[in-house]
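So the structure is just underneath, and the comments pick up after that.
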Amino acid sequence: MDVTCDIFSKRLIISVLWNIGLQAVIAVMLVGFIQIDILHPVSWISSSINDVFGWKMSINIVLLGLVSFFQAYIYGCYYVKPLPKYFTRFSMFLSLFCAQNIIFSILYALSGYFTMSLYSSLAKSNFNTLKKICENYDGQCLLEQSLFLQMGGMWMGLYYFLNAHIFSPTTLTFPHIYQDKFQQIKLAIHSILSCGFKSSIIPVVYYCIFYYFWGHKPRNVVSDVYGLYLEDKPLDNILNLFGSGIWIGLWFYTSLFLISVYAMRTVFNIVLTEPMKFPIESSKKLTLHKAIAQKSQFNGYLGTQDLKIMSLTDTVRRKEIFTLSQPGGHPRNWNNLLQECLKIVNDFSKELDSINGDMKPVEIEMLPKRPGSSITPKSTLYTGNLRNMAYSPQLHELKEHNKNKSEHTLISAIKEEFNILVQRIRQKPGISYLFGELTDTRLKFLLMQAQPVMWTCEGLAFIAAASLKEDKYGVVQTDLPIVISTLINLKQNLDKLTKPGLVPRKHILNDSFALKMKSALLSSVKLSIYKIVITFSKYIHEIPLDPDVQIAIQPFLICKEA
Amino acid sequence: MSIFHSFPNLPGPEETAFCKLNEVYCCGNARYGNISTFSNATKKHPIINVTRDLHHHRTSDENISMYIDVEDNLLKKITSVWYKQGFLEALSVAADPSVNRESPTLAVTASYILKVANILTAFRYFLQPHLKDIGPKIVANYSRTRNWGQVPVKCLAWHPHTTKIAVATVDDNVRVYCSEVTFVSTLKCKAQGHVSSLNWRPLSASELAVGCEQGVIVWTVDPNLMFTKPSSSNAVLLKKNGHSPVTDVSWSPNGDLLISCSGADTSMLVWDTAMETAIPLRRVAGGGNVFARWSFDASKIFTATSSIIFRIWDTKTWTPERWCARGHRVVAACWGPDNILLFAAKGEPMVYALTTTSLLSGSQTTKATPALDVTKVELSSGEPVGGPILDMCWDPTGRYMAMLFEESHLVAVFCTTYIMMQLKIDPCCFVTGVEDEIPCTMAFQQNFNDGACLTIAWSSGRVQHFPIIYSESY
């Protein structure tokens, strides 16, 4: 397990370093931008250089580094673990208040506060301190604008946390092609900037509304604690708020905060999703099949992605797969790989099957077992003239007798009653709303993890297709039937989801991401089957396949499968 | 001595070429002759004839003046123009004193806003001059189809695995002809305007990418369903700001990625069509990307820009190698087996070959050499041939190459052989139209087993299948 965390933590550290660099660039740009003075370019440049190399900047960068470390920690927490399962509203609701979330929200609020005050200090605004010397009285007065800004910073931190982690799932999305890191950052900068300035409008509006209703409370608390006078007009009045112009400042600093957070997120995404080359055979490093075996974890993603890339482009490593192990002459590399790949695909099919089939038990419950109904199959069993001891009707009765006996004990009856009671309580409107399983969550949850399955299918198909020319020993050819039937099985299970009539109404997805994922999965499975079938079209009748599978691949052979 | 003098003689005045059977150039009477007298190879091929009466009427830029104006009130007029043609057009309507007689203040403000907008756009065009041409003009400018805006067939594409062809007609409908079924599916939806390119998805039976003005439309046409007009719910429009009009779409041979190019956008987009996400590949130098071509093994991509620069992308690292053509932009390019690339620059009668040779040391060198000179000559019959190249096609086996010329009405087909790192191009035959027909666009069938089958769309709307059949024993 040590090796598994190794890759991830190494990447996290790299991304933190990248982040600090990028944040420094943003800060320097901000300093240059704020002191812009076209009439005196020399003094502009010299003063910005002074600021850039001043102590404020270095503290800023240290703090930003801390913030990005803490972000890295949060991302680590979210990405290393498999996705949590919440199928009912109640468990979802409870999960909102787990300790992790509470700690994270506090940390985010703090980081929002720090980033905001850092940027405002870099911008040389005078809203860094809460106090100022009164103009009319003797003593110190509260500078409400700075209170407004600092609370705004915390608000933004919380707002971002809620938006990015609670109300939308945190999954790593791997880009379908991977360019150079620097190129990706260059491409992303434009969208980060525009997105930052645009999406900061809504939280600022929310905050202004919040401050209008609740702003007097923190103001009173702060002025009481520090013993400050109130001199200026209060900001929880719409006219004063607009007149002071502080909302423009808040919007600007919020945009900066969001830009820096988005930049961090982008950098993490870029560094973490970099494809990795796993060796096929190695005693020290993590090999490909072991990486694939850690499915639904970070390494599983990297492994399956590497499988696909390898199957498409890397002839050297493909050759390694097709070789036989030296003492013994077994295709060990291929067998290991195949086993893990089939396990991923089969597990997924099984899950799908259980989702497709979960209406059936209910139907059985609806039709109670009538003793008379069991006679008909018995009579059909005993049609031939031959006496068959193994299938004698007495034996059948004997078996059923045993079964009935075990079912009719008292405890099981109580259990059954209890289960029915629980079921019935669950059906009640209010309770089913809270505790009932949500309609599409299970399917959605499954589809969220479909990405490695897609890569595995395509990887398997392309390795199989490459084997026609590259595989000298016929290592892959012996396993072709099982590969084909596994893929066909997955495709049929997926088809059951879409075919009307067969699907119970409850599996209608309304989440656009899951819908896209479903179509992506289906098209990738079809592509894999097509790849194998078209490559081996001349020899397809020589591959020993089950009759069912043979029928299922017919439309693929004549290119009629949509 | 030009290469064209060693071609077989053109068919007689009343005759036309039908096919080439084992080195025999088969011609027959243009009116009564039939290809089935020579070969049965294209017997099941769909017969395509795009005539004017098939077209559906639509309001295009040319015929919009035909409609009689209806007096609407001003607000309605402005909103409808805004909805149909955009904000700036709406402003100019509001500013036009002949239309807007009701509120002069609105006219004055609109005219001032229009002035500011004009200054901004002028500044933008000063920075990015390639954006000046608007949609259809860009497509017409860069299209490899002759007279793209007027000819009945705008472009055509063969399916990579079955005998199925998609044809984009002048009314921007896409018709799918199939060898097994008699009916024709017509694909059309509202967003599908100014179709520039078509491409079938490899390793799939049903998906067709259509490049049009707004973006890329990916149609999923179930081959088992008997609909002549599939609804637009089968189409997914993929678009992105600034990526318009799309001048070319091409699928990766592995069937997983789709590249779309726009002559007005410096980045080309690599789409994951199921997830509807695009990753831009952006290189500013050279202006907009006109078209992209995948090599057969999907390891390389050729992209031509609107200037002399063209690039060869490596798909492992997604980094380009930059090349410069001499004088003009690259107008046509095609990959052959062994990653050999033929390309031609605009206005130049020369085909270049780009070959990659692996040295013994493991490093690779790529060089471009002139491969074929097609300077314009006059044949003995008086017909001009050669000159600047309009389009080139190479058949999937790499044995035949067809070429269209800007100033000649003949289609020239060459035999190509690539042995011992040497590309040899020999004359094969000409294909001529009946009467005054001009070839507009062409494509090789992708799954023709008996040789190669060139499909040519003529200006009359006739689509001809010209098989070149060879048997190994011959």
Side-chain angles (χ1 to χ4, degrees), chain A residues 173-180 182-184 186-188 190-191 194 275 277 308-315 450-451 454-455 457-458 461-462 465-466 512-535 537 555-562, chain B residues 159-164 178-181 200-207 218 220-225 230 234 236 240-242 251-259 267 269-284 297-299 301 313-320 447:
Chain A
T173 43
F174 283 73
H176 44 274
I177 60 169
Y178 194 85
Q179 298 180 67
D180 184 36
F182 189 63
Q183 196 70 35
Q184 284 195 53
K186 240 167 66 182
L187 279 172
H190 179 75
S191 71
S194 63
K277 261 189 175 180
K308 188 195 165 184
I309 294 172
M310 186 256 305
S311 72
L312 287 176
T313 58
D314 201 340
T315 37
Q451 184 67 69
M454 291 191 239
W455 283 328
C457 291
E458 287 174 33
F462 281 95
S512 69
F513 180 76
L515 270 176
K516 281 180 192 168
M517 217 51 187
K518 194 177 82 179
S519 68
L521 180 63
L522 193 61
S523 88
S524 130
V525 173
K526 276 181 193 165
L527 184 133
S528 315
I529 300 173
Y530 264 117
K531 181 72 192 175
I532 296 180
V533 168
I534 287 174
T535 317
S537 58
F556 286 93
L557 261 177
I558 54 170
C559 257
K560 279 279 183 185
E561 178 68 43
Chain B
H159 191 277
H161 310 300
T162 56
T163 312
K164 184 153 66 168
C178 210
S179 65
E180 296 120 33
V181 286
W200 288 95
R201 184 177 190 167
L203 305 180
S204 156
S206 54
E207 281 177 61
V218 180
T220 309
V221 195
D222 192 333
N224 303 312
L225 291 181
N234 294 319
V236 180
K240 198 166 190 188
N241 271 348
W251 284 96
S252 126
N254 294 328
D256 51 351
L257 302 172
L258 173 74
I259 285 188
S267 49
L269 301 181
V270 184
W271 290 93
D272 178 350
T273 50
M275 299 303 291
E276 295 172 29
T277 51
I279 291 177
L281 293 175
R282 187 182 166 90
R283 294 293 184 274
V284 179
D297 60 355
S299 65
I301 305 168
W313 290 80
D314 177 45
T315 56
K316 262 186 207 169
T317 54
W318 295 99
T319 48
N447 67 327

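All values below come from the heavy atoms of this structure, side chains included, with hydrogens, waters and symmetry mates left out. Lettering follows sequence order; numbering is per chain, from 1.
For the pair A:Lys560 and B:Thr162, the minimum side-chain heavy-atom distance is 4.5 Å or more.
To the nearest 0.5 Å, atom NZ of residue A:Lys526 and atom CD of residue B:Glu207 are 8.0 Å apart. For the atom pair CG (B:Asp272) and OG (A:Ser523), the distance works out to 7.5 Å, reported to the nearest 0.5 Å. Note that NZ of B:Lys316 and CG of A:Asp314 are 6.0 Å apart. Values are rounded to the nearest 0.5 Å. Between the CG atom in A:Leu312 and the CG atom in B:Asn254 there is a gap of 5.0 Å [rounded to 0.5 Å].
With sequence neighbours excluded, the residues that form a ring pair (Phe, Tyr, Trp, His ring centres under 6.0 Å) with A:Trp455 are A:Phe174. In this structure, the ring pair (Phe, Tyr, Trp, His ring centres under 6.0 Å) partners of B:Trp200, at least two apart in sequence or on a different chain, are B:His159.
No part of B:Ser267 comes within reach of chain A, as not one of its non-hydrogen atoms sits under 4.5 angstrom from that chain. Heavy-atom distances place the backbone of B:Thr317, and not its side chain, under 4.5 Å from chain A. In this structure, the portion of A:Gln183 lying under 4.5 Å from any heavy atom of chain B is its side chain and not its backbone. Proximity to chain B (any heavy atom under 4.5 Å) is shown, for A:Phe556, by neither the backbone nor the side chain. Proximity to chain B is limited to the side chain of A:Leu187, based on heavy atoms less than 4.5 angstrom apart.
Nearest heavy-atom pair across B:Pro223 and A:Cys559 is CG-O, 4.2 Å. Of all heavy-atom pairs between A:Ala520 and B:Met275, the closest is CB-SD, 3.8 Å. Summarising the geometry of A:Gln179 relative to B:Ile279, their closest heavy-atom pair is NE2-CG2, 3.5 Å, with the distance given to 0.1 Å. Residues A:Tyr178 and B:Trp318 approach most closely at O-CD1, 3.6 Å, considering heavy atoms.
For chain A, the option among B:Thr319, B:Asp297, B:Thr277 with the highest count of heavy-atom pairs below 4.5 Å is B:Thr277. Between chain A and the residues B:Pro280, B:Ser299, B:Gly255, B:Pro202, the most heavy-atom pairs under 4.5 angstrom are made by B:Pro280.
In summary, of the residues considered (B:Thr315, B:Leu257, B:Asp256), a side chain to side chain contact (heavy atoms under 4.5 Å, CB included) with A:Ile177 occurs for B:Leu257 alone.
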